[in-house]
Peer 1: 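Pasting a structure below so you can have a look.
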Amino acid sequence: MKRILTLILSVLLILSLIGCGGEDPSADKTASKPSKPAYWSELQNSADELCNKYVSADTKVRISGIINDINPIMEPAWSDFYYEYRRTESDSLTAIGIEGLPVLLSVLERENAAKGDPLYLSFLNGVFFALCRTDIKEAEAIEELASDEARELSVEFYRYAKKRAAGIISSDKSTAEKIIELRHFGILCIPEVRTEIDKGNKEYEAYFTAIGLHLSIPEFMNIIADPESAETTDTRYDKIKAVEGSAEFNYTVWLNKNEKALDTFFKFMNEYSAIE
């Protein structure tokens, strides 16, 4: 009887060992995957892991250094912050260029998760919109983009731009009318515009001066974010297009110069804005 009991216990022990040894430790996909930001559970990827995927280590160090060196003084009485409130610091931060946008969003994400100063978050977010050649105040006025999270607004605006671009381009309006609507999304609609140009729709070439690529970011913001002006955003974009030098601007030279940065930015944003 004891021999039978011992045999049964031995078999059970062997089976349990086989079960433990046969379990694949890698089956737990959450064990090695970086955690998502707690404040937005629908994200598939964090900015940090996407930066590791698309941005070189040298670029991350250089861009992070520029960001960390710029510390605007925020007035305690302020309830919000816009680009023009601290022009010197805002203009300086635009030196990161398009290639710095993924790193900027990574810093913004970490600051947001750590519940950093909301005014500093607005500072970073405002530069993101400026580098995209867009107007953050207009984005905030879009009802379906209403958000308390600066980082969420940048992602939601990207999604919104892509959705609206498809509808605008497929509409029956003239190309000139389509450009007037598309220009509010700045560089975010460049892929769609290039596709139309590649199809032979050369009228879309006017898009690049319509969003002010012939101007530096500070020059662009002098017009689009003029606190003394009561003009509509459309009127400001009209002024941007009329600035001296726009007629001589060669958009293909600009695209060639920024090709790599644009490619990285759109790959980053397409994954960053993806919904599970």
Side-chain angles (χ1 to χ4, degrees), residues 44 54 97-99 101-102 105 128-147 152-215 217 220-221 223-224 231-243 246-275:
Q44 289 185 2
Y54 291 117
I98 295 171
E99 72 166 347
L101 285 172
L105 288 176
F128 169 85
F129 277 82
L131 284 166
C132 289
R133 309 275 174 159
T134 55
D135 182 8
I136 189 173
K137 291 188 282 293
E138 184 177 355
E140 290 176 334
I142 299 173
E143 186 175 350
E144 58 189 284
L145 301 184
S147 169
E152 184 176 340
L153 179 60
S154 62
V155 174
E156 288 288 358
F157 187 70
Y158 182 78
R159 291 175 181 162
Y160 181 78
K162 292 303 178 182
K163 181 179 69 175
R164 289 287 296 125
I168 292 168
I169 290 175
S170 63
S171 71
D172 295 330
K173 297 177 181 179
S174 68
T175 301
E177 291 173 318
K178 292 176 182 179
I179 289 176
I180 288 174
E181 293 189 44
L182 290 169
R183 66 187 178 182
H184 292 265
F185 305 114
I187 69 169
L188 303 185
C189 288
I190 283 180
E192 290 77 8
V193 168
R194 293 183 73 176
T195 297
E196 292 305 305
I197 294 173
D198 291 342
K199 290 178 181 178
N201 299 327
K202 298 300 183 182
E203 292 180 3
Y204 277 96
E205 292 178 347
Y207 184 74
F208 299 96
T209 49
I211 63 173
L213 294 182
H214 53 296
L215 304 174
I217 296 296
F220 172 84
M221 294 304 288
I223 300 173
I224 207 70
E231 297 170 329
T232 66
T233 303
D234 275 322
T235 299
R236 297 182 189 203
Y237 272 112
D238 287 341
K239 290 175 67 174
I240 285 169
K241 184 178 180 180
V243 170
S246 62
E248 294 77 31
F249 178 71
N250 188 330
Y251 79 92
T252 59
V253 172
W254 187 91
L255 285 175
N256 289 335
K257 180 180 178 181
N258 292 277
E259 190 76 45
K260 182 178 179 181
L262 286 169
D263 183 61
T264 297
F265 172 64
F266 286 115
K267 285 179 178 177
F268 176 97
M269 289 302 296
N270 287 339
E271 289 193 44
Y272 194 44
S273 62
I275 300 176

Peer 1: Using the ring centroid of each side chain, check whether Phe129 and Phe157 are separated by less than 6.0 Å.
Peer 2: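 Yes.
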Peer 1: Mind telling me whether Phe265 and Tyr158 have parallel, tilted or perpendicular rings, with 30° and 60° as the class edges?
Peer 2: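 Answer is perpendicular, since the angle exceeds 60°.
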Peer 1: For Arg133, check side chain to side chain donor-acceptor pair (under 3.5 Å) against everything at least two apart and list the hits.
Peer 2: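 Expected list: none.
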Peer 1: Which atoms form the tightest heavy-atom contact between Phe220 and Ile240, and what is the distance?
Peer 2: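 Result for this residue pair: CE1-CD1, 3.4 Å.
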Peer 1: Show the nearest heavy-atom pair for residues Gly186 and Thr134, with the distance to one decimal.
Peer 2: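 Shortest heavy-atom separation between Gly186 and Thr134 comes out as N-CG2, 3.7 Å.
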Peer 1: How long is the span from the CG atom in Leu131 to the CD1 atom in Ile217, to the nearest 0.5 Å?
Peer 2: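 That separation rounds to 5.0 Å.
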Peer 1: To the nearest 0.5 Å, what is the distance between CD (Glu177) and CG (Leu182)?
Peer 2: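 So the gap between those two atoms works out to 12.0 Å.
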Peer 1: Would you please test Lys257 and Glu99 for salt bridge (charged side-chain N to carboxylate O under 4.0 Å, His left out) and show each step?
Peer 2: CA-CA 11 Å; Lys257 180 180 178 181; Glu99 72 166 347; over 6 Å; no
Peer 1: What is the distance from atom OG of Ser170 to atom NZ of Lys178, rounded to the nearest 0.5 Å?
Peer 2: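 Ser170 atom OG to Lys178 atom NZ measures 7.0 Å (nearest 0.5 Å).
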Peer 1: Identify the two heavy atoms, one from Ala206 and one from Ile179, that lie closest to each other, and give their separation to 0.1 Å.
Peer 2: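 The answer is CB-CD1, 4.1 Å.
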Peer 1: For a quick test of reading the model, state the closest non-hydrogen atom pair linking Tyr207 to Phe185 and the distance between them.
Peer 2: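 So the two residues come closest at OH-C, 4.1 Å.
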Peer 1: Treating Asn258 as the side-chain partner and Trp254 as the backbone partner, does any N or O pair qualify as donor plus acceptor under 3.5 Å?
Peer 2: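 Between the backbone of Trp254 and the side chain of Asn258 there is a qualifying donor-acceptor contact (under 3.5 Å).
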Peer 1: For the residue pair Ile223 and Arg236, what are the closest heavy atoms and their distance?
Peer 2: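 Closest approach of Ile223 to Arg236: O-CD, 3.3 Å.
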Peer 1: Residues two or more places apart in sequence or in another chain: which of them pass side chain to side chain donor-acceptor pair (under 3.5 Å) with Lys199?
Peer 2: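 Lys199 satisfies side chain to side chain donor-acceptor pair (under 3.5 Å) with Glu196 only.
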Peer 1: Looking at every non-hydrogen atom in both residues, tell me the closest pair between Lys241 and Ser246 and how far apart they are.
Peer 2: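 The answer is O-OG, 2.8 Å.
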Peer 1: Salt bridge check: are Lys162 and Glu156 linked by an N-O gap of less than 4.0 Å?
Peer 2: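 No, this pair does not count.
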Peer 1: As a test of understanding, state which of Thr195, Thr175, Asp198 forms a side-chain contact (heavy atoms from CB on, under 4.5 Å) with Tyr204.
Peer 2: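 Answer after filtering Thr195, Thr175, Asp198: Thr175.
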Peer 1: Within a radius of less than 6.0 Å around CD of Glu203, do more than 12 heavy atoms belonging to other residues, nucleotides or ligands occur?
Peer 2: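 Counting other residues, nucleotides and ligands, CD of Glu203 stays at 12 neighbours or fewer.
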Peer 1: Can you name the residues that form a side chain to side chain donor-acceptor pair (under 3.5 Å) with Glu181, not counting sequence neighbours?
Peer 2: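 Partners of Glu181 under the side chain to side chain donor-acceptor pair (under 3.5 Å) test: Arg164, Lys173.
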Peer 1: Might you work through the side-chain contact (heavy atoms from CB on, under 4.5 Å) test for Val193 and Ile197, ending with a clear yes or no?
Peer 2: CA-CA 6 Å; Val193 168; Ile197 294 173; 4.0 Å; yes
Peer 1: Working to the nearest 0.5 angstrom, can you tell me the gap between Ile211 CD1 and Leu188 CG?
Peer 2: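 Output value for this atom pair is 9.0 Å.
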Peer 1: For residues Pro191 and Phe266, determine if any side-chain heavy atom of one lies less than 4.5 Å from a side-chain heavy atom of the other.
Peer 2: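 Touching, per the 4.5 Å side-chain cut-off.
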Peer 1: Looking only at the side chains, is there a donor atom on one of Asp234 and Thr232 sitting less than 3.5 Å from an acceptor on the other?
Peer 2: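 No.
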Peer 1: Any chance the rings of His184 and Tyr237 have centres within less than 6.0 Å?
Peer 2: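 Close enough - the centres of the two rings lie under 6.0 Å apart.
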Peer 1: Could you go through Leu255 and Ile190, starting from their C-alpha distance and side-chain angles, then the distance that decides it, and tell me whether this counts as side-chain contact (heavy atoms from CB on, under 4.5 Å)?
Peer 2: CA-CA 10 Å; Leu255 285 175; Ile190 283 180; 4.3 Å; yes
Peer 1: To the nearest 0.5 angstrom, please state how far the CE atom of Met269 sits from the OG1 atom of Thr264.
Peer 2: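 Going from CE on Met269 over to OG1 on Thr264, the span is 13.5 Å.
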Peer 1: Measuring from atom CD1 of Ile180 to atom OG of Ser174, what distance do you get when rounded to the nearest 0.5 angstrom?
Peer 2: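 With rounding to 0.5 Å, CD1 (Ile180) is 7.5 Å from OG (Ser174).
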Peer 1: Begin with the C-alpha distance, continue with both residues' side-chain angles, and end with the deciding distance and a verdict on side-chain contact (heavy atoms from CB on, under 4.5 Å) for Phe128 and Leu101.
Peer 2: CA-CA 7 Å; Phe128 169 85; Leu101 285 172; 3.6 Å; yes
